[in-house]
Amino acid sequence: MRVSQQLTKTLREAPRDSEGGNQELLVRGGFVRQLTSGVYSYLPLGNRVIRKISQIVREEMDRAGGQEISMPVIQPKDIWDKRPASGPTRSEAMGDVLFKLKDRKGRDMVLGPTHEEVVTILTAEFARSYRDLPQLIYQIQTKLRDEPRPRGGLLRVREFIMKDLYSFDADYDGMDVSYRKMADAYRAIFTRSGLRFIVIQADSGAIGGKDSQEFLAITEAGEDDAMMCDTCDYAANREKAEFVRTELPREPEAALEEVYTPDCKSISDLAAFLQVPEAKTIKSVCYVAGGKMVMALVRGDLEINEVKLSNMLYRAGINAADMHLATPEELTQAGIVAGYTSPLGKDERVFIVADTSLKLGNNFVAGANRVDYHVKNVNYPRDFRVDEWEDIASAYTGATCVRCGGTLRAIRGSEVGHIFKLGTKYSELFDATYLDAEGAAHPMLMGCYGIGVGRIMATLVEQSHDEKGIIWPFSVAPYSVALVGLDLEKEENRQTAEQLYADLQAAGIEVIYDDRAETAGVKFNDADLLGYPIRAVISKRSLKNGGVEIKLRSQRESRVVPLADAVGVMQDEIRRGMASA
RNA sequence: CGGGGUGUAGCGCAGUCGGCUAGCGCGCAGCGUUCGGGACGCUGAGGUCGGAGGUUCAAGUCCUCUCACCCCGACCA
C-alpha cells in the first residue's frame, strides 16, 4: 500500500470526546471512526488488525477441532421467549440489552447478542447420535447489545466482533475435555496476539453452570476487578475470590452491655469511639430481595460482597433478581433503626445471612437497634440467630490466599475471553438430544466460549503504546514494515525506494510505503503513531551511509544495512518478532 | 433511569451587551521556497452556527421544545 493512496489520514489533535488511551490513538491514527454511541467503523488499518486477530483465533479454533459457520444476526424473538422449567426467559433476563425490532409483517425480531439458541437448534438437527459427538461449532461475527452506557472507547461497545464457539458432548467427561481444549486454545490465542493476560476463576452467576474462567487483559482501563495471589497461581474475579479470614483471640463470653455511642453511625466512628478494633464489631446491612427483608452480617473489618450474597440467596430459594439496599421506609416498616441495625432479637421474618468471619471471634459490638446506642459482648448463638453461614465478604488487597497462604492483591483488567460449561440448559430448552448406544435419548452437554476480537485490539493499544503512539506486536500489526521514502524528488532516491518496495512485496512482506511529498518529521511521526513494528528509511542520508536505515518501533536505535541485505534483515526481524509474541 | 456537560467548515476551537461580510489554527487545492522529527510565503475552496418553533427592526448570541454525543452514577448474558 502507498500512503499517498490510502483513504485515511492521521489527526494531529485528539478528537473532542476522546478519552485518551486506545480511543484517542485509534481515532487519531485513522483505525476506526465512531458512527454513533458505541458503534464504530473499522477503517482500512483497523480492519487489517481485526483480520490479523481473527486469523489467529480461527487457526487456533480449527486446530482444536472447531468448525466455522456463520449464523444470522437477525433472529425471530420467539426463540428468546422459550420458557425454561424455572426462572426467566432469555429475553426477560436480558431486558433492554436485547435489541428488538419488527419485520414488515409485524413479527417480533431481535438482533443477536449471542447465539446459544440458534446454534443449539442447528446442531440438534444434525447431531442425532452419540457417534456425531462431540461437535465444536464456532463463528466470528458481529454481536449487538444495547448496553446502557458504552464506554472506554472500543472497550465497551454496542456492536462488536466476537468469536463464539459452542461445544456439544455426550456426557460430562466429554464436556470437560472440550472445556480444557478451549482453555488451552485461548491461552495460545492471547499469547500469540501479544497480550498480557491472566486467567481467573469467574462467577458463573445465577445462570448456573459449574466451571467458568475469564481471560483478563491486564489494563487499568478495564472494567473488571480480579484478585490474584502473589505466590501461587490462584486468581479470581473479585465477586468470586475466596480468602482466609483472620482469627481473633477468644475471650471468655461476657454479659451483654448496652453503651451510649453518640454520632457513631459508621463502623470506623464506632471502633474509634469505643477504642476497639473494627474487627470486634458486627456490620449489619439490610437488603430486600424477593419481598423478604435480608440482613447481611460481616465482621467490621470486612465488606459485604453483594454478588456473593445474591448467589447465596438464590441457593436458599430467594429470588435475588430485585435485591436492593432496604430503603428507609422498608427499614422502618420492619422495625429496624438505620445506623444502629442489629441481629439481636430478630425473628424469622428477617432472613439473616452471616459471614463465616463472625465465627472467628467473640464479644462483638453490634447495634442496639436504638438511636445512639450499641451493645457490647454480643455472641453467637447466645444472642442472635443466623439462617445461613456463608462467605459473603469481599476479598481485599493483603488478604490471605486460601490455596497457599500467600497474599492476594487486586488487579484491573478487561475481559477479552470467557469460557464456561453450560450443561444441559439450552439442550433441554430446545430439545437437543442424541441417542446413545442403547437407543436412549439424552440432552447434549454444552459449553460456550467467547472472545472479544475488537476488545483484543483495544486492550493491545492500552498495553502497548508510548507518548508517540501505538506499538503493535508483529503478529497483529496492520503492516510489518513502514517504508519511508525521503528526498523522493531526486529520481535516484525514488527509484531506489520503489525498488525496495517491490522487493519487499515480492518477498511476501506486508509493507506500507510512505511516498507522500511530506517532510521527514510528518512521516516519522505518522509511522510512530500508527505503530508499525519496523521502519525502513531510504533517503539521501541513508544512501550515503550505505543503504537503508532500519529501526524497530519498540527500540530507540537504528542501523543502516546495505540495500542488498535489506529484505533479508527485515525477514529476520519479522521472524524474531513473531516468535517472541 | 438520575445528575452534569458539549453541539459553530473535514478536525480542534473563538465569537463580548443581540448589530453590519461568522473568525482562528490544522487539514484541503494551486504556485513558489524548503527538505531527517508535525517547515514557510502568497492565493483559494469550504458554513442550513445540531434541529424545530418563538421574541425582535435585527438571533450563532435571548426564550421554549427537541435531537445527538460525552462524563459520573444506577443498571448490566
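Naming convention: chains lettered A, B, ... in sequence-line order (proteins, then strands); numbering from 1 in each chain.
Between A:T36 and B:rA68, a side-chain N or O to OP1/OP2 separation shorter than 4.0 Å is absent. Contact annotation: A:Q23 side-chain N/O to B:rC70 OP1/OP2 distance is not under 4.0 Å.
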Please tabulate, one pair per line, all N/O donor-acceptor pairs under 3.5 Å involving side-chain atoms of residues 36-45 of chain A, not counting sequence neighbours.
{"residue": "A:Y40", "atom": "OH", "partner": "A:Q23", "partner atom": "OE1", "Å": "2.9"}
{"residue": "A:Y40", "atom": "OH", "partner": "A:Q34", "partner atom": "NE2", "Å": "3.1"}

Show me the side-chain donor-acceptor pairs of residues 512-520 of chain A shorter than 3.5 Å, one per line, residues at least two apart or across chains.
{"residue": "A:D514", "atom": "OD1", "partner": "A:R516", "partner atom": "N", "Å": "3.3"}
{"residue": "A:D514", "atom": "OD1", "partner": "A:R516", "partner atom": "NE", "Å": "3.0"}
{"residue": "A:D514", "atom": "OD2", "partner": "A:R516", "partner atom": "NH2", "Å": "3.0"}
{"residue": "A:D515", "atom": "OD1", "partner": "A:S4", "partner atom": "N", "Å": "3.1"}
{"residue": "A:D515", "atom": "OD1", "partner": "A:S4", "partner atom": "OG", "Å": "3.0"}
{"residue": "A:D515", "atom": "OD2", "partner": "A:S4", "partner atom": "OG", "Å": "2.8"}
{"residue": "A:R516", "atom": "NH1", "partner": "A:D526", "partner atom": "OD2", "Å": "3.4"}
{"residue": "A:R516", "atom": "NH2", "partner": "A:D526", "partner atom": "OD2", "Å": "3.0"}

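For the P atoms, the distance linking B:rG3 with B:rA39 amounts to 48 Å, nearest Å. Atom C1' of B:rG4 sits at a distance of 43 Å from the matching atom of B:rG44, rounded to the whole Å. Comparing the C1' positions of B:rA29 and B:rC70 gives an interatomic distance of 34 Å, to the nearest angstrom. For the C1' atoms, the distance linking B:rG47 with B:rC28 amounts to 15 Å, nearest Å. The P atoms of B:rC69 and B:rU64 are separated by 23 Å, rounded to the nearest whole Å. The separation of B:rC76 from B:rG15, taken at their P atoms, amounts to 43 Å, rounded to a whole angstrom. Spacing of C1' atoms, B:rU34 relative to B:rG51, comes out at 47 Å, to the nearest Å. Taking the P atom of each, B:rG30 and B:rA14 are spaced 32 Å apart, rounded to whole Å.
When rounded to the nearest whole Å, the span between CG of A:D96 and P of B:rC1 equals 9 Å. Taking atom CD of residue A:E223 and atom C1' of nucleotide B:rC72, one finds them 13 Å apart after rounding to whole Å. The interatomic distance linking A:L35 (CG) with B:rC70 (P) rounds to 11 Å, in whole Å. With rounding to whole Å, A:I419 atom CD1 is found 19 Å from B:rA77 atom P. Distance A:L98 CG to B:rC76 C1': 13 Å, rounded to the nearest Å. The distance between atom CZ of A:R455 and atom C1' of B:rA77, rounded to the nearest whole Å, is 13 Å. Between the CD atom of A:E24 and the C1' atom of B:rC70 there is a distance of 15 Å, rounded to whole Å. Taking atom CZ of residue A:R156 and atom P of nucleotide B:rA74, one finds them 13 Å apart after rounding to whole Å.
A:R28 and A:E13 are not joined by a salt bridge, as no carboxylate oxygen comes within less than 4.0 angstrom of a charged side-chain nitrogen. In summary, A:D146 and A:K100 do not engage in a salt bridge, as defined by a charged side-chain N under 4.0 Å from a carboxylate O. Between A:D466 and A:R553 a salt bridge is recorded (basic side-chain N to carboxylate O distance below 4.0 Å). Between A:D224 and A:R412, none of the side-chain N atoms (NZ, or NE/NH1/NH2) sits under 4.0 Å from a carboxylate O, so this pair counts as no salt bridge. Between A:R187 and A:E60, none of the side-chain N atoms (NZ, or NE/NH1/NH2) sits under 4.0 Å from a carboxylate O, so this pair counts as no salt bridge. With salt bridges taken as basic N to acidic carboxylate O contacts below 4.0 Å, none links A:E159 and A:K143.
Less than 4.0 Å separates RNA chain B from at least one heavy atom of each of the following residues of residues 136-147 of chain A: A:R145. Contacts of residues 75-83 of chain A with RNA chain B (heavy atom under 4.0 Å): none.
Counting only residues at least two apart or in different chains, salt bridge (Lys or Arg N to Asp or Glu O under 4.0 Å) contacts with residues 309-318 of chain A comprise A:R315-A:E390.
Base contact: A:P148 has a heavy atom under 4.0 Å from a base atom.
Looking only at distances, a side-chain donor or acceptor of A:R238 sits under 3.5 Å from a matching main-chain atom of A:A395.
Along RNA chain B, the nucleotide nearest to A:M162 and the one nearest to A:A14 differ in position, and the one closer to the 5' end is contacted by A:A14. Each of A:E306 and A:G38 lies near RNA chain B, and the nucleotide nearest A:G38 is the one positioned closer to the 5' end.
There is no side-chain donor-acceptor pair under 3.5 Å between A:Q75 and A:K77. When only modelled atom types and interatomic distance are considered, A:Q213 and A:H418 share no side-chain donor-acceptor pair under 3.5 Å. Side chains of A:Y186 and A:K163: a donor-acceptor N/O pair is present below 3.5 angstrom, by distance only.
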Please write out each protein N/O paired with an N/O of nucleotides 7-9 of chain B under 3.5 Å, distance rounded to 0.1 Å.
{"residue": "B:rU8", "atom": "OP2", "partner": "A:R16", "partner atom": "NH2", "Å": "2.9"}

Any N/O pairs under 3.5 Å between the protein and nucleotides 22-25 of chain B? List them or say none.
{"residue": "B:rG25", "atom": "N2", "partner": "A:E13", "partner atom": "OE1", "Å": "3.2"}

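In this structure A:R541 satisfies the salt bridge (charged side-chain N to carboxylate O under 4.0 Å, His left out) test with no other residue, sequence neighbours excluded. Evaluation of the salt bridge (charged side-chain N to carboxylate O under 4.0 Å, His left out) rule for A:E116 yields A:R90 as partners, not counting sequence neighbours. Here A:E92 pairs with A:R83 under the salt bridge (charged side-chain N to carboxylate O under 4.0 Å, His left out) rule; sequence neighbours left out.
Rounded to the nearest 0.5 angstrom, A:Y166 OH and A:Y449 OH are separated by 11.5 Å. Considering OG of A:S539 and CG of A:L486, their distance stands at 5.0 Å, rounded to 0.5 Å.
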With both pairing distances under 3.5 angstrom for Watson-Crick or G-U wobble, and | for a partner in another strand, the correct string for RNA chain B is (((((((..((((.....[...)))).((((((.....)))))).....(((((..]....))))))))))))....
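Note: A:F190 and A:F215 meet the aromatic proximity criterion, with ring centroids under 6.0 Å apart. Taking the six-membered ring wherever Trp is involved, the centroid distance between the rings of A:Y479 and A:W472 does not fall below 6.0 Å.
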Letter by letter from the 5' end, nucleotides 34-40 of chain B scores (B base, S sugar-phosphate only, - none; protein heavy atoms under 4.0 Å) -SBBBB-
